[in-house]
Student: 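Here it is, the structure, as structure tokens.
Values in this document were obtained by computation on a predicted structure and should not be read as measured data. So you know, we letter chains A, B, ... as the sequences are listed, proteins then strands, and number each from 1.
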Amino acid sequence: MISFMLNGKAVELDVDPSMPLMWVLRDELGMTGTKYGCGIAQCGACTVHMDGQPIRSCVMPISAVSGKKVKTIEGLSEDGSHPVQKAWHQHNVPQCGYCQSGQIMSATALLEQNSNPSDEDIDNFMQGNICRCGTYPRIKEAIKTAANLSLAKNVGGDA
Amino acid sequence: MKNLLENVSRRKFLKGSGLAAGGLVLASTIPAWSPAWAGQSKQTHDLNLFVSVNTDNTVNIVCHRSEMGQGIRTSIPQIVADEMCANWESVIVLQGLANEEYGSQNTDGSRSIRRFYTTMRQMGATARTMLESAAATFWRVPLSSVYAEDSFVHHKDSGKKLSFGYLAANAAELELPAVESLSFKSPDKFKLIGKEISSVDMHKFVTGSTEFGQDVRLEGMLYASIERSPVVGAKVKSFDAEAASKISGVVSTWQMPDQPTPVVFHPLNGVAVLATNTWAALQGRKALNIDWELGANSSHNSSTYLEELKRNIVTKGKSIRNAGDAYTALENASRSLNATYTMPYLVHAPMEPPAATAVVKDGECEIWACTQTPQSTQNNVAQALGIDKSKVKVNVTLLGGGFGRKSKPDFSVEAALLARQTGKPVKVVWSREDDIRQGYYHAVSAQHFIASLDERNNVTGWIQRTAFPSISWTFSGVTDEPQVGELSLGFGDLPFELDNLACETHKATGHIRIGWVRSVSNIHHAFAAGSFVDELAVETNTSPIQMWNKLIGEDRHVDPKAEGFEYGNYGDPMEVFPIDTKRLKNVLNLVVEKSGANKTTNEGEGWGICVHRSFVSYVAVATKVKVADGKVTVLEMHSAIDAGTVVNPDRVKSQQEGSMIFGLSLALMGEISVKDGAVEQSNYHDYPVLRMHQCPKIETYIVSSTAPPGGVGEPGTPPVAASLCNAIYHASGQRIRELPVNKHLRV
């Protein structure tokens, strides 16, 4: 039996301990917001946060998640109101949308570590997330907008 | 159970629309599954095939085309709702099931708007007219005294108004108006067409609540992963079913039925592992230990194959278009320039690998798939199961990218066969490795160009040759040369003003599945022609922009048929969509002016340009690069597109951005190589695509036009490779004629 915190709720399940977190989320828990893209930590579509750090859930065996706190796209906000989600909407970032859960989870992790990233910071942090449709220019702009939204929010004392 | 995309329940035939009548609606074979609209108290009244109005004043509009990032689930309803005078906030988009009544649903060839713009306006106008008629009847006033606006019908004189929802039941009882009786908005009255409206799926995208083919879940479903033949035509000799079955979670294994030839859309030979989750199915595959009988295609090696194409391409080929006498011009030339260009096989690699879920029960089949082609899915599944296609219901999910891969229904056929075999719902999950190794590939190609020049640097003759395995080989198994359909993509339609022109082909047969990839043969044809124009500019000490304008020549409509080539023009009439050299030059001159590509650059930097017409749209690209220490950095890309009438400028812009990046990926790094009949690459580590740190600044310019709408999804890609390689030359003096670039420079 493996137990961990998923989006603030305790989860307990009995699965093959070698099964990656991504397949546990998708197939065992029915949380398909986290996407399968490559299975070898090359594309970032499966990015989730574990204890606040962005990880590729496709290569993270569930045994290593035991006792950890996991946040997925479904746990980012109740209603799509996270500054990153709002910025994504403002810039009409997604095309097909498939990679965007992972992009958003990486972007939120970036902004949690660096509230005002430069272009180079964004390039370095986001280069593990592939978008085959080619939304990179808009992702970059949206991250900057989200940084401003977050900063504005912090100024307002509502962080 | 998750709610999938809302699907269509009932439909009506619009008189005079030219669409076929008939068809039926199957009940879902999954008792637990019901569409989102079921069980709601509102009543729905159909006005035509694409439009129904609910009593709560919301309007349902069907999108019959597949959404794969181009924004079609937004732009088709935009057209209908605008012509209908519906309030955009009240529009509910329903995803069309496979249904021939809609006309073609094959979402490829950049033709959703091109082919359905008029039909969608008719659907909107029909619905509006019926609602207006219902109101006029209700008020007992002349039809001419009422008008629709913002989901209400208003009476001009009294100022009274009735909502669409209130009128819906009465309107639905009316005769459908004849198409010729409809009135249409003048473009200056458009409220939605031409506006930058956000995707109807935006909230789902940013909250992860989207439903792609990979995300489908049904009660009691098995997950299948298939170990497929590494070589086309290879057969399973034996496999270890017992070892696979011992893996925890594996339920069963099944050898896929022998694939008939030609390969067409039949599933490849192989062994399926069915399990209670995807991970177990993937682990089970590793234990199968299949012994293959590889067959004749195992002799195919892409490197030696390409060498042979290159040897042949410098010799005279089979003429497909001719003007004057290019060979005599060559003999009489003061000097000549020649060059050979090559490109390797490419694969689509959409972020979502193919996936399909099927249920087969009581002689009926229901499919959920990320398909670009629901009707072909329906037909192929019906054929594979030996049932009538009316017994096959195809639900279209969102597509996590398509690029042509999901136009092939092989994965849905696999799901249907496995669902029948097991008697359970089955989801076939393609892994990334499956996607890269068992795809339908863009053809490997070689091209050769010879230009004759006189003393004054005029081009007096032009010979161009192309050779690549044809997509038709996939369907015939015997085709051994490029076909007219492919030669119509940027080769036989060369728009240059030349007295002496020879266009020729050479033989090339297929050994792996050849398919269409975003912009298809335009990719290699535009790379070669666009590079050669630049080489001519250099040779004659002319600026590239001058050379392009000189070759394109006078404003005119090019007619390849007059020179013996049965040009396809993307299935559209030349009268409506001519090859217009004025529009071609216009986008080129626009992009050069906007980008500053004719200006001098810093040392080690350079601009490259290219212009190309495809899918009846015109796109020019200017690319700026820096080359230093054996490494190329793409700094800026500018594109100008003339796609005629534009429905959603933001989605046209995003398609251009995506096309630049797709084109950069293939030009910089794209290569599928084949050894002993098998693809050597397997995932994004050895089939790299562009990443954020490699992405340049991108600017897009959309030509304002009232011409009929042209294609958008594909025309941006073809000019990219040549503009890039031309830029590399002007930055470094290094001419790249063999793609990808990373064979020559670090990227």
Side-chain angles (χ1 to χ4, degrees), chain A residues 15-16 18-20 22-24 26-28 30-40 42-43 45 72-74 76-77 79-80 82 84-86 88-89 92-101 104-105 120 122-140, chain B residues 2 67-71 196 198-199 201-212 214-215 217 223 248-249 276-280 282 349-353 398-403 429 431-433 650 654-655 657-662 665 683-685 689-695 697-698:
Chain A
V15 292
D16 174 353
S18 68
M19 189 189 293
M22 176 188 70
W23 294 119
V24 172
R26 292 180 54 77
D27 293 354
E28 303 294 328
M31 295 177 65
T32 54
T34 302
K35 302 300 184 190
Y36 165 70
C38 72
I40 58 167
Q42 282 288 311
C43 79
T72 68
I73 185 78
E74 290 93 343
L76 200 57
S77 70
D79 52 0
H82 187 282
V84 171
Q85 292 170 314
K86 282 159 81 174
W88 246 243
H89 196 146
N92 290 320
V93 171
Q95 287 187 33
C96 85
Y98 193 79
C99 74
Q100 299 297 343
S101 299
I104 288 171
M105 295 311 286
E120 198 184 345
I122 296 172
D123 280 348
N124 288 336
F125 202 91
M126 298 299 291
Q127 65 175 271
N129 287 76
I130 294 174
C131 172
R132 184 67 162 144
C133 294
T135 62
Y136 300 129
R138 294 185 189 223
I139 288 173
K140 192 174 277 184
Chain B
K2 288 185 63 131
E67 176 62 66
M68 48 190 173
Q70 81 281 43
E196 300 198 335
S198 288
S199 167
D201 298 308
M202 183 60 72
H203 184 77
K204 286 185 168 188
F205 287 146
V206 301
T207 55
S209 53
T210 39
E211 305 90 7
F212 293 90
Q214 288 271 358
D215 299 335
R217 296 164 53 81
Y223 297 77
S248 168
T276 55
N277 63 75
T278 313
W279 174 248
L282 289 167
M351 289 309 298
E352 178 198 32
L398 289 172
L399 282 62
F403 314 117
V429 176
S431 69
R432 176 59 56 202
E433 288 79 6
D650 181 65
S654 67
Q655 282 302 293
E657 291 161 359
S659 294
M660 296 305 105
I661 288 167
F662 195 89
S665 287
N683 208 315
Y684 288 123
H685 66 289
V689 297
L690 206 80
R691 292 175 182 272
M692 184 175 272
H693 66 289
Q694 299 166 304
C695 183
K697 173 189 151 198
I698 299 177

Student: Restricting to side chain to side chain contact (heavy atoms under 4.5 Å, CB included), what partner residues turn up for A:Pro137, sequence neighbours left out?
Tutor: B:Ile661, B:Cys695, B:Ile698
Student: Can you tell me how far the CG atom of B:Leu282 sits from the CE atom of A:Met19, to the nearest 0.5 Å?
Tutor: 10.0 Å
Student: If I take atom CG from residue A:Asp16 and atom CG from residue B:Asn277, how far apart are they, to the nearest 0.5 angstrom?
Tutor: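 Nearest 0.5 Å value for the CG-CG distance: 8.0 Å.
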Student: Without swapping roles, check the side chain of B:Arg691 against the backbone of A:Ile130 for a donor-acceptor pair under 3.5 Å.
Tutor: no
Student: Return the OG to NE2 distance between B:Ser198 and A:His89, rounded to the nearest 0.5 Å.
Tutor: 4.0 Å
Student: With a 4.5 angstrom heavy-atom cut-off, is it the side chain or the backbone of A:Ser18 that approaches chain B, or both, or neither?
Tutor: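 When you check distances to chain B, atoms from both the backbone and side chain of A:Ser18 fall under 4.5 Å.
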Student: Show your working on side-chain hydrogen bond (donor to acceptor under 3.5 Å, both in side chains) between A:Gln95 and B:Glu657 and close with a plain yes or no.
Tutor: CA-CA 10 Å; A:Gln95 287 187 33; B:Glu657 291 161 359; 5.1 Å; no
Student: Taking the side chain as everything from C-beta on, heavy atoms only, tell me whether A:Cys96 gets closer than 4.5 Å to B:Phe205.
Tutor: no
Student: Could you walk me through whether A:Asp27 and B:Tyr223 pass the side-chain contact (heavy atoms from CB on, under 4.5 Å) test, one step at a time?
Tutor: CA-CA 9 Å; A:Asp27 293 354; B:Tyr223 297 77; 3.3 Å; yes
Student: Which distance, rounded to the nearest 0.5 Å, do you find between the SG of A:Cys43 and the NE2 of B:His685?
Tutor: 13.0 Å
Student: With only heavy atoms counted, which part of A:Asn124 is less than 4.5 Å from chain B, the side chain, the backbone, both or neither?
Tutor: neither
Student: Considering non-hydrogen atoms only, spot the tightest contact between B:Val689 and A:Arg132 and give its length.
Tutor: CG1-NH1, 3.3 Å
Student: Got a salt bridge between A:Arg26 and B:Asp215, using NZ or NE/NH1/NH2 to carboxylate O under 4.0 Å?
Tutor: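 Yes.
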Student: Charged N to carboxylate O under 4.0 angstrom, A:Lys35 versus B:Glu352?
Tutor: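 Answer for the salt bridge query: no.
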Student: Which residue out of B:Pro353, B:Ser654, B:Ser248, B:Ser659 racks up the most heavy-atom pairs below 4.5 Å with chain A?
Tutor: B:Ser654
Student: Are A:Met22 and B:Trp279 side-chain neighbours, meaning at least one heavy-atom pair lies under 4.5 Å?
Tutor: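 Result no, sub-4.5 Å side-chain heavy-atom pair not found.
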Student: Which heavy-atom pair separates A:Ser101 from B:Gly208 by the least distance, and what is that distance?
Tutor: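 Smallest interatomic distance, heavy atoms only, reads OG-CA, 3.8 Å.
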Student: Which bit of B:His203 is near chain A, if near means a heavy-atom gap under 4.5 Å: side chain, backbone, both or neither?
Tutor: side chain
Student: With only heavy atoms counted, which part of A:Lys140 is less than 4.5 Å from chain B, the side chain, the backbone, both or neither?
Tutor: both
Student: Any chance you could measure A:Met126, atom CE, to B:Met692, atom CE, to the nearest 0.5 Å?
Tutor: 5.0 Å
Student: Answer with side chain, backbone, both or neither: which region of B:Ala349 has an atom nearer than 4.5 Å to a non-hydrogen atom of chain A?
Tutor: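 Answer is both: backbone and side chain atoms of B:Ala349 are under 4.5 Å from chain A.
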Student: For B:Phe662, check ring pair (Phe, Tyr, Trp, His ring centres under 6.0 Å) against everything at least two apart and list the hits.
Tutor: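 Expected list: B:Phe403.
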Student: Using heavy-atom distances under 4.5 Å, tell me whether B:Met202 contacts chain A through its side chain, its backbone, both, or neither.
Tutor: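 It is the side chain, since no backbone atom gets that close.
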Student: Indicate yes or no: at least one non-hydrogen side-chain atom of A:Tyr98 is less than 4.5 angstrom from one of B:Pro350.
Tutor: no
Student: Looking at B:Leu690, is its backbone amide N or carbonyl O close enough to the side chain of A:Tyr136 to form a donor-acceptor pair, meaning the two atoms are under 3.5 Å apart?
Tutor: yes
Student: Mind running side-chain contact (heavy atoms from CB on, under 4.5 Å) on A:Ile104 and B:Val206 for me, showing each step along the way?
Tutor: CA-CA 8 Å; A:Ile104 288 171; B:Val206 301; 4.0 Å; yes
Student: Nearest 0.5 Å, what's the CZ-CD1 distance between B:Arg432 and A:Ile40?
Tutor: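 One finds 10.0 Å between CZ of B:Arg432 and CD1 of A:Ile40.
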